[in-house]
Participant: 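Sharing a structure with you now.
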Amino acid sequence: MIPIAPIQLRIFQSSGMTDSKYFTTTKKGEIFELKSELNNDKKEKKKEAVKKVIASMTVGKDVSALFPDVVNCMQTDNLELKKLVYLYLMNYAKSQPDMAIMAVNTFVKDCEDTNPLIRALAVRTMGCIRVDKITEYLCEPLRKCLKDEDPYVRKTAAVCVAKLYDISSSMVEDQGFLDQLKDLLSDSNPMVVANAVAALSEINEASASGQPLVEMNSATINKLLTALNECTEWGQVFILDSLANYTPKDEREAQSICERITPRLAHANAAVVLSAIKVLMKLLEILAGDADFCAMLTKKLAPPLVTLLSSEPEVQYVALRNINLIVQKRPDILKHEMKVFFVKYNDPIYVKLEKLDIMIRLANQSNIAQVLSELKEYATEVDVDFVRKAVRAIGRCAIKVEPSAERCVSTLLDLIQTKVNYVVQEAIVVIKDIFRKYPNKYESIISTLCENLDTLDEPEARASMVWIIGEYAERIDNADELLDSFLEGFQDENAQVQLQLLTAVVKLFLKRPADTQELVQHVLSLATQDSDNPDLRDRGFIYWRLLSTDPAAAKEVVLADKPLISEETDLLEPTLLDELICHISSLASVYHKPPTAFVEGRGAGVRKSLPNRSASSAGEESSASVPEATVIPNQESLIGDLLSMDIGAPAAPAAPAPTNSNVDLLGGGLDILLGGGPANDTAATAAAAAPVTAGSSAAGGLLGDIFGIGPVSSTNLIQIPKITWLPADKGKGLEIQGTFSRRTGLVYMDMTFTNKAMQAMTGFAIQLNKNSFGLVPSAPLQVAPLQPSQSAETSLPLGTTGQVQRMEPLNNLQVAIKNNVDIFYFACLVHGNVLFVEDGQLDKRVFLTTWKEIPAANEVQYNLHGIIGTADTVAAKMTANNIFTIAKRNVEGQDMLYQSLKLTNNIWVLLELKLSPGSSDATLSLKSRSVEVGPIIFAAYEQIIRSP
């Protein structure tokens, strides 16, 4: 239902009198009385009656019975009365569509009225009435209003086109309204231009394909920039949002747009400022090669962001959430503005916490002393949540800025000396992380930490302290006594503490086995016999089995070197960050979630991303060495090709063995996506180049010994059952059943030939038509003569060196089989998984770079159902079928698998599989230069995830 109260209120206020009387009537037979008043000859009486009707409608009374009487009041020159009637129509037309047709003639007539306000009112109302029968009559009046001499009518009609598109998109496209909207972009009135831009943006978002129906070009962008200076603030927001979706053709155009948008940074409206920053952040990506211009633009972005922080708290919070994203992407913009993020005593808690987060992101060696001084001050505040966050921030500073680590540890020790319970507990939690980051450096403070053992009552703090005792048990003389004190209330401890206690005691036993045997037996008994927590029991059984069978192996597992924790564990992943930068000044930038996470319906599935940075010469050189993906030409005369095949032609040579090529496909920056960093280049590349079986056998070593499991087979490809390709009635008694498989790096056609005729069949030969993947037989077809009712199995190896021609669908394969009876033709579909080659594993950083380089338009999403098993079992199935998991992450309770594969024609496909634990549904996002391979990949995933 259309919201009516605000409009109705304005109408009543404009009457210049108190209209509360319309809401207080208690007469009986009210509808009957209103009916008679609506049919009164006096205009004033009619207007009073319509006001009563609107008042009743506003408070929720059903006055739809008066529909014909109210519609009769439309024939008036009084603008106020006409607005009231139109308001009533908008509310009740959907429930009374047949009655609403009565008003069409009046609408059409009003669209030609001499008063532009009435013309605009008529076309606006017709657009708001979502009734198909009325929509049919809207086209001609709307077409006239789009060319109206009055700009107010034109701008109203522009918005009406977007509303009409929502009702009937085909009508808008067929009637040419999109072209008229594009013409309005050249209008002389800036508000008309702004409304046209808003309407086009709305239509683009609502389009079923998700692709822009109206492409912006340089000429159009120039018109928008001209109108930008003259329209209202919200018109400027519409135009800037539209500019954010445009990618300039070169750096020169990008610089020109930047220079014309920069004055918007000084606007008083925060929405205009943030929209301008969004456009400039996007253009900075394109201008990455021009360091001087970028530096100049970066300096201009800082003052408006700082100014936003002098607004009221609510606006400050929105600005801070956006700044948080900007700082993660470009910390240089605000690196000299640390002081504006210092917390004020009267800031609301939500502003304080956000400022604290940004302070950590901006912390560096030059300002760390200032930051630590502030944080120490915050740790003495009265707000407990804020104090906790401040103490954690000190620990994050130590991890991020290595030269400051000693000073941070000293500050944390000072805070521990305050003996404030929650301060001490938070300090211990962050000191554990500092120990992980800087091993064998600050362990001298352990004795101080142990003094506060009795005051710890929060699970995370207790778990952290237990970890410290277990990790450094050899340095703590009474470690066994300390851990034993925790075991007294083992069953009452939080699961997190129980798990840490179990591991810590096992560590202690491995370091000092002589005097801790009873302790370890006690904790293993508690974990395996007295606990109903499956995680704790499983870990206990594994430790017990390890310790009882191979203590040396137990040492390797339990006392293995811990990987150093990363500097910034709370950074958004780069692809999500790039998407959120494109949504600055929207709800997505406040939630720090993509629109798909909280918006349902239209436009939600369209992902935005920053443009590609200018390609460096190094990037071009590296990409030059990549094998070129096979181009799939358009389908031509397939029947002619098939019928003219030489069945007796010699077999094509076998395809060369695939070579492993882990190269940077597209060049570009080396961002860290999934935990891999520049320091790990060699290891990561070596790991990517290593055969898959190496990891499998390694995994099967220790745990396989424990549970009696052998190495995982690397040939665990799914076997898709054979289906009938050529039925006997079409093959003159020859029936062929078949499927496709992949073995030893080759594609095979596995077929069963059955002779259901009365005569013997001999002289079998095969030929394949040109196809999308260049599949050809790499050996002659080997089928022995078939006697009646006899069957024969055969496997035909296929190479990928044949002629390529695009088929529909892509995996369609047309086959001709010849024998002594005749030549038979049939078509079959090649299973996608057999086209995935063994060297399809990308390096983590190459994966990230490639994902970012492929435009958002080349991303397709697909929903999977009926998934069996956990993320790990799914990943294992995929790896067995040459879909390689590059990394796994857990984001907000969902498991994210980042995967890559390579097709036989050198087309790379990057995938993101989003799984929810406990759910059998998942979302698969695919990115590739050739998105037409999507259906093949999706079908392969469906088959693999459902395999046992």
Side-chain angles (χ1 to χ4, degrees), residues 74 77 79 82-83 86 89-90 103-207 212-232 234-236 238-239 242:
M74 285 177 71
D77 296 330
L79 186 59
K82 198 173 278 287
K83 283 182 179 179
Y86 279 0
L89 275 171
M90 282 190 280
V104 166
N105 288 335
T106 308
F107 280 131
V108 174
K109 182 181 173 185
D110 284 353
C111 286
E112 297 178 359
D113 197 276
T114 53
N115 186 340
L117 292 176
I118 290 180
R119 295 201 298 274
L121 181 63
V123 76
R124 177 192 291 134
T125 308
M126 286 184 80
C128 290
I129 295 176
R130 304 174 65 84
V131 176
D132 292 337
K133 292 180 180 178
I134 287 188
T135 305
E136 297 169 10
Y137 295 96
L138 175 59
C139 294
E140 282 310 311
L142 180 57
R143 187 174 283 108
K144 289 179 183 176
C145 288
L146 284 167
K147 297 177 180 177
D148 198 279
E149 60 185 17
D150 192 281
Y152 179 75
V153 180
R154 294 200 299 276
K155 84 180 186 72
T156 306
V159 175
C160 188
V161 173
K163 291 180 179 177
L164 179 60
Y165 188 89
D166 198 33
I167 300 167
S168 174
S169 57
S170 57
M171 184 181 292
V172 170
E173 292 169 19
D174 296 342
Q175 295 288 336
F177 288 132
L178 288 178
D179 294 328
Q180 283 190 273
L181 265 186
K182 287 180 73 176
D183 293 340
L184 288 183
L185 294 176
S186 309
D187 199 277
S188 57
N189 186 290
M191 271 315 299
V192 176
V193 175
N195 276 23
V197 168
L200 287 171
S201 300
E202 185 84 5
I203 289 170
N204 278 342
E205 287 182 13
S207 66
L213 295 175
V214 183
E215 293 290 345
M216 295 291 179
N217 53 39
S218 299
T220 306
I221 293 300
N222 200 40
K223 293 168 188 171
L224 298 185
L225 288 167
T226 304
L228 187 62
N229 298 322
E230 300 176 38
C231 56
T232 64
W234 295 113
Q236 291 180 34
F238 288 137
I239 291 176
S242 188

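Remember, it's a predicted structure, so these values are computed and weren't measured experimentally.
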Participant: How many angstroms lie between NZ in K144 and SG in C139, if you round to the nearest 0.5 Å?
Facilitator: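 Answer rounded to 0.5 Å: 12.5 Å.
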Participant: Does the side chain of P116 reach to within under 4.5 Å of the side chain of R119, using non-hydrogen atoms?
Facilitator: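 Counting from C-beta outward, P116 and R119 do come under 4.5 Å.
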Participant: Indicate the atoms forming the closest heavy-atom contact of A120 with T156, along with that distance.
Facilitator: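 So the minimum-distance heavy-atom pair works out to O-CG2, 3.6 Å.
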Participant: With rounding to the nearest 0.5 Å, note down the distance linking SG in C145 to CD in E140.
Facilitator: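 One finds 11.0 Å between SG of C145 and CD of E140.
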Participant: Quick check for you: to the nearest 0.5 Å, what is the distance between D179 atom CG and L184 atom CG?
Facilitator: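 Spacing of CG (D179) from CG (L184) equals 11.0 Å.
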Participant: Out of the candidates D148, N195, D187, only one should pair with R154 under the side chain to side chain donor-acceptor pair (under 3.5 Å) rule; please name it.
Facilitator: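 That would be D187.
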Participant: Ignoring hydrogens and geometry, is there a side-chain-to-backbone donor-acceptor pair from R143 to G176 under 3.5 Å?
Facilitator: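 No, R143 side chain to G176 backbone: no donor-acceptor pair under 3.5 Å.
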Participant: CG of L142 to CD of Q180: how many Å apart, nearest 0.5 Å?
Facilitator: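 Between atom CG of L142 and atom CD of Q180 there are 7.5 Å.
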Participant: Whether the side chain of Q236 engages the backbone of C231 through a donor-acceptor N/O pair (distance < 3.5 Å, no angle test) should be reported.
Facilitator: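 Yes, the answer is positive, given that a donor and an acceptor are paired below the 3.5 Å cut-off.
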Participant: Of all the heavy-atom pairs spanning I203 and V161, show the shortest one and how long it is.
Facilitator: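 Looking at all heavy atoms of both residues, the shortest contact is CD1-CG1, 4.1 Å.
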Participant: Assess whether atom CZ of F177 is packed by more than 12 heavy atoms of other residues, nucleotides or ligands within 6.0 Å.
Facilitator: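 Enclosed: over 12 neighbouring heavy atoms sit under 6.0 Å from CZ of F177.
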Participant: If you measure from CG on L200 to NZ on K182, what distance do you get to the nearest 0.5 Å?
Facilitator: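 Taking CG in L200 and NZ in K182, the distance rounds to 8.5 Å.
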Participant: Does the side chain of T125 come within less than 4.5 Å of L121's, by heavy atoms?
Facilitator: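 Touching, per the 4.5 Å side-chain cut-off.
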Participant: Can you tell me if S242 uses its side chain to pair, donor with acceptor, with the backbone of F238 under 3.5 Å?
Facilitator: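 Absent.
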Participant: To the nearest 0.5 Å, what is the distance between CD on E230 and OG on S188?
Facilitator: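 The distance works out to 9.5 Å.
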Participant: Is the count of non-hydrogen atoms from other residues, nucleotides or ligands lying under 6.0 Å from K223 atom NZ greater than 12?
Facilitator: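 Yes, because the 6.0 Å sphere around NZ of K223 holds more than 12 heavy atoms from other groups.
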Participant: If you take all heavy atoms of C111 and V123, which pair is closest and at what distance?
Facilitator: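 For C111 and V123, the tightest heavy-atom pair comes out as SG-N, 4.1 Å.
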Participant: Looking at L181 and A196, what are the two nearest heavy atoms and their distance?
Facilitator: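 That would be O-CB, 4.0 Å.
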